[in-house]
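One structure below.
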Amino acid sequence: MRYSEMFLPTGREIPSDAEVISHQLMIRAGMIRKLTSGIYSYLPLGYRVIRKVEQIIREEMNKAGAQEVCLPMVQPAELWQESGRWEFYGKELLRFHDRHERGYCLGPTHEEVITDMVRNDIKTYRQLPRNLYQIQTKFRDEVRPRFGVMRAREFGMKDAYSFDADEAGAEISYEKMFTAYNNIFRRCGLKFRPVEADSGSIGGKYSHEFMVTAESGEDAIVVCDKCHYAANLEKAEVAKPDKIDGMEKDWLPQESVHTPNVRTIEEVSEFLQVTPQDIIKTLIFNADGKPCAVLIRGDQEVNEIKVKNYLGANELELADDEMIMQATGAPRGFAGAVNIKTRVVADFSVMNMVNFVTGANKEDYHLKNINFGRDCKVESFADLRVIEKDDKCPRCGGDIQFVRGIEVGHVFKLGTKYSKAMKAVYLDRDGQEKIMIMGCYGIGIGRTVAACIEQNNDANGIVWPMPLAPYQVIITPVNVNEGEVFKAAEKIYNELLAEGIEVILDDRDERAGVKFKDADLIGIPLRVTVGQKNLVSGNVELKNRQTGETQIYPLTEIVAEIRKKVAEGLNPTAGQSTQV
RNA sequence: CGGGAUGUGGCCCAGCUUGGUAGGGCACUGCGUUCGGGACGCAGGAGUCGCGCGUUCAAAUCGCGCCAUCCCGACCA
């Protein structure tokens with residue numbers, strides 16, 4: 001394409017409403033424009049990159065045996081009522097009515113629609129397994145859209161759904177997608193890693209997130225130095241400590257202490273001259289309307305997702321003052337496990353504690369020298385806390401590290417959550433009606449592009465890896481008014497076009513500096529500079545955007561050299577991709 | 001939803017404290033010079049100063065209300 005004919009508005013200024021680098025660069029490079037909060041238009045350059053990602057996804061999904069479909073974005077309320085999510089999905093689901101006052105929503109995801117489609121047309125085990133996918137616009141009415149297309153309300157997503165006859169089949173479907181996702185992100189030239197994750201409101205029991213590692217990532221990931229263990233912070237397991245026996249002999253007599261207006265862990269440890277490690281924090285949660293006490297060591301943090309999963313609750317939040325008063329008989333700050341009337345569960349961190357401090361369930365009083373087995377009882381000990389830097393890997397005991405990442409893909413084993421609710425059944429070999437086992441698999445398209453920029457940029461702009469680059473080569477004639485120079489540039493341009501290489505000819509009558517800056521900003525991997533200086537000896541320059549390296553080639557060899565470099569760039573070496 | 005900030009030609013911003021002709025840089029149009037890392041000169045076009053109400057002889061500027069955008073938090077694939 002000739003630059004002079006392109007719709008490619010680049011900008012020198014950093015947009016005032018863009019915070020992260022990828023957002024700034026996408027605007028400056030003329031890739032996107034904001035229409036309204038969380039809703040973006042893609043300009044030609046941006047859309048080319050989107051299509052590169054989509055194409056890689058299509059190829060890998062097809063290779064994995066999935067078939068592409070296209071499902072409606074507008075979905076009837078009845079379907080969501082049937083799955084139960086009309087109530088549960090919350091305000092993120094944008095709902096509206098048509099002229100007949102019938103309820104609809106904009107699809108934030110498509111489990112309901114696909115399950116409806118499959119249950120109507122798949123009747124026998126002979127038709128299973130099937131994996132259907134689409135690349136489609138989703139709408140989620142995010143509370144706080146941010147970081148440009150990274151957390152947008154309207155965004156492109158590849159979503160796939162697998163249907164299997166049994167668990168073993170579902171396992172295979174999941175593995176296929178897991179492999180396909182690794183291939184996809186590797187081909188995109190990203191540094192990423194799959195991590196174990198919680199399955200959230202989509203539901204299901206088992207899932208992995210694909211995280212692109214980046215400082216600006218919204219998610220914290222725990223990775224093991226020694227083994228392959230990697231998990232989202234919210235999912236990362238904390239190993240169960242060994243039970244230490246024989247501590248009963250050291251039990252001291254229970255003591256009640258007047259602690260006027262002393263509530264927080266800091267205040268208690270200060271007041272009683274003990275460390276937070278000597279205190280058991282008692283948090284009262286509201287689990288589906290019922291109070292539940294969670295015990296944890298004073299210096300540690302409860303992982304609400306673990307509590308929610310452990311209790312099997314649909315909704316979990318910290319109890320309000322009223323519920324605390326009702327459950328403990330005391331205001332906030334004085335809850336404890338001794339003589340409490342609610343369910344009591346405890347984190348492993350308190351399992352081996354003796355003579356600890358805790359609230360007295362009485363205003364302005366705490367208890368000292370409390371011991372399990374004598375003073376209070378818990379229903380069970382479990383892993384309920386957030387993992388910390390000093391914790392060890394739950395798999396191999398090695399040291400762990402915290403890194404940040406951007407979630408670009410997520411694979412879930414759904415089980416029968418939707419197929420059961422929506423009666424997606426088939427007849428097995430014996431004529432028995434059985435429920436299909438489902439999996440679902442998503443990739444954020446725009447987010448993948450943004451994540452790629454987060455990982456590949458410098459002071460001058462974007463540095464595209466070859467597979468995602470909107471164009472592979474840009475030819476920059478230093479001065480278009482010098483006939484020889486421009487002719488040579490055009491010749492290379494035409495030859496590259498004939499080779500099927502994606503190339504821009506910067507034919508604008510601009511100074512060289514302007515063109516160099518724009519080429520760097522939009523991040524084209526290879527730049528051919530055609531100038532009088534080298535042309536007199538029949539040569540041109542080839543500059544590598546990533547390394548900054550410049551090489552001189554004769555006009556006669558430049559096309560072959562580019563062909564080679566483009567081909568190399570399209571096949572990034574395997575192995576380096578998963579490094580962090 | 002809580003806290004904070006911002007809103008002035010397409011973009012980045014000054015002006016607001018102390019009310020009085022709406023400014024600069026970039027971009028854009030024309031002419032000339034220049035031409036390998038964001039050139040220069042001259043001449044131009046382009047703005048309901050987010051919206052509304054109020055105070056005032058007079059409001060970008062002061063007051064009240066609203067809206068939008070961004071950041072932090074809560075929440076969330």
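Remember, predicted model here, so these are calculated numbers, not experimental data. Below, all heavy atoms of this structure are taken into account, side chains as well, without hydrogens, waters or symmetry copies. In what follows, every chain begins at residue 1, and chains take the letters A, B, ... in the order their sequences are listed.
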Heavy-atom closest contact (A/Ile284 atom, A/Pro291 atom, distance): CG2-CB, 4.1 Å
Sugar-phosphate, base or nothing in reach of A/Arg153, heavy atoms under 4.0 Å: nothing
Spacing of A/Arg151 atom CZ relative to B/rC70 atom P, expressed in whole Å: 14 Å
Residue mapping more 5' on RNA chain B - nearest nucleotide basis, A/Gly531 or A/Ala18: A/Gly531
Spacing of A/Ile39 atom CD1 relative to B/rC70 atom P, expressed in whole Å: 11 Å
Annotated protein contacts, base or backbone, on nucleotides 10-15 of chain B with a non-hydrogen cut-off under 4.0 Å, one of B, S, - each: -SSS--
Euclidean distance for C1', B/rA5 against B/rG10 (whole angstrom): 24 Å
Touch class at under 4.0 angstrom, heavy-atom based, for A/Tyr441 against every strand present: nothing
d(NZ, A/Lys517; P, B/rC26) in whole Å: 17 Å
Distance-only donor-acceptor test (3.5 Å): side chain A/Lys543, base B/rG37: yes
Side chain of A/Thr36 (C-beta onward), nearest among B/rG37, B/rG38, B/rU69: B/rU69
Whole-Å gap separating P (B/rC76) and CG (A/Leu94): 19 Å
side-chain hydrogen bond (donor to acceptor under 3.5 Å, both in side chains) partners for A/Glu317, two or more places apart: none
Check: protein-nucleotides 72-74 of chain B nitrogen or oxygen pairs below 3.5 Å:
residue: B/rC72; atom: OP2; partner: A/Arg144; partner atom: NH1; Å: 3.2
residue: B/rC72; atom: OP2; partner: A/Arg144; partner atom: NH2; Å: 2.6

Nearest non-hydrogen partners of A/Val485 and A/Pro477, listed with the distance: CG1-CB, 4.0 Å
Minimum heavy-atom distance A/Ala197-A/His410, with the two atoms named: CB-NE2, 3.9 Å
Along RNA chain B (nearest heavy atom to each residue), the more 5'-positioned of A/Gly38 and A/Glu92: A/Gly38
Sugar-phosphate only, base, or nothing, as touched by A/Asn534 at under 4.0 Å among non-hydrogen atoms: base
Contact pattern, 5' to 3', of nucleotides 40-47 of chain B - B, S or - by protein heavy atom under 4.0 Å: --------
Under 3.5 Å donor-acceptor, A/Asp520 side chain and A/Gly461 backbone: no
Check: A/Glu218 main-chain N/O paired with A/Arg404 side-chain donor or acceptor under 3.5 Å: yes
Under-4.0 Å side-chain N/O to phosphate OP1/OP2 contact, A/Lys34 with B/rC70: yes
Minimal non-hydrogen separation, A/Ala451 against A/Val408, with atom names: CB-CG1, 3.9 Å
Partner residues of A/Glu510 under the side-chain hydrogen bond (donor to acceptor under 3.5 Å, both in side chains) criterion, sequence neighbours left out: none
Same-atom distance (P) from B/rA60 to B/rU8, integer angstrom: 15 Å
side-chain contact (heavy atoms from CB on, under 4.5 Å) partner of A/Val49, chosen from A/Tyr471, A/Tyr42, A/Trp464: A/Trp464
Pairing residues for A/Lys158 by the side-chain hydrogen bond (donor to acceptor under 3.5 Å, both in side chains) criterion, not counting sequence neighbours: A/Tyr181
Whole-Å C1' distance, B/rG41 and B/rG36: 23 Å
Touch class at under 4.0 angstrom, heavy-atom based, for A/Met150 against every strand present: base
A/Asn309: side-chain hydrogen bond (donor to acceptor under 3.5 Å, both in side chains) partners, not counting sequence neighbours: A/Asp198
Spacing of A/Arg508 atom CZ relative to B/rG36 atom P, expressed in whole Å: 16 Å
P spacing across the pair B/rC40 / B/rC67, given as an integer number of angstrom: 45 Å
Spacing of A/Phe139 atom CZ relative to B/rC76 atom P, expressed in whole Å: 19 Å
Integer angstrom distance from the P of B/rA74 to that of B/rG63: 33 Å
is_close_aromatic(A/Phe412, A/Tyr161), centroid dist under 6.0 Å: no
Donor-acceptor pair under 3.5 Å, A/Asp520 side chain vs B/rG37 base: yes
Counting only pairs under 3.5 Å, give me each side-chain donor-acceptor contact of residues 30-38 of chain A, with atom names and distances, residues two or more places apart or in other chains.
residue: A/Arg33; atom: NH1; partner: A/Ile27; partner atom: O; Å: 3.0
residue: A/Arg33; atom: NH2; partner: A/Pro9; partner atom: O; Å: 3.2
residue: A/Lys34; atom: NZ; partner: A/Asp17; partner atom: OD2; Å: 2.9

B/rC13 versus B/rC64 - spacing of their P atoms, nearest Å: 26 Å
A/Glu111 with A/Lys417: basic N within carboxylate O range, under 4.0 Å: no
Donor-acceptor side-chain pairing of A/Asp159 and A/Gln134 below 3.5 angstrom: yes
Side-chain donor/acceptor of A/Asn534 to backbone N/O of A/Val530, under 3.5 Å: no
Rounded distance in Å between the C1' positions of B/rG7 and B/rU48: 15 Å
For A/Arg263, side-chain contact (heavy atoms from CB on, under 4.5 Å) partners two or more places apart: A/Asn261, A/Glu267, A/Pro331, A/Phe334, A/Glu363
A/Tyr104 side-chain N/O to A/Leu94 backbone N/O, donor-acceptor pair under 3.5 Å: no
Nucleic acid footprint by protein, nucleotides 27-35 of chain B - heavy-atom cut-off 4.0 Å, B for base, S for sugar-phosphate alone: -------BB
Euclidean distance for P, B/rU21 against B/rU61 (whole angstrom): 13 Å
Length of the line joining A/Tyr40:OH and B/rU69:P, which is rounded to integer Å: 10 Å
Strand RNA chain B as a dot-bracket string - pairs counted if Watson-Crick or G-U with both distances under 3.5 Å, | where the partner lies in another strand: (((((((..((((......[..)))).((((((.....)))))).....(((((..]....))))))))))))....
Pairs flagged by salt bridge (charged side-chain N to carboxylate O under 4.0 Å, His left out) wherever residues 483-493 of chain A is involved - sequence neighbours left out: A/Arg2-A/Glu490, A/Lys491-A/Glu495
Separation of atom NZ in A/Lys515 from atom C1' in B/rA39, rounded to whole Å: 15 Å
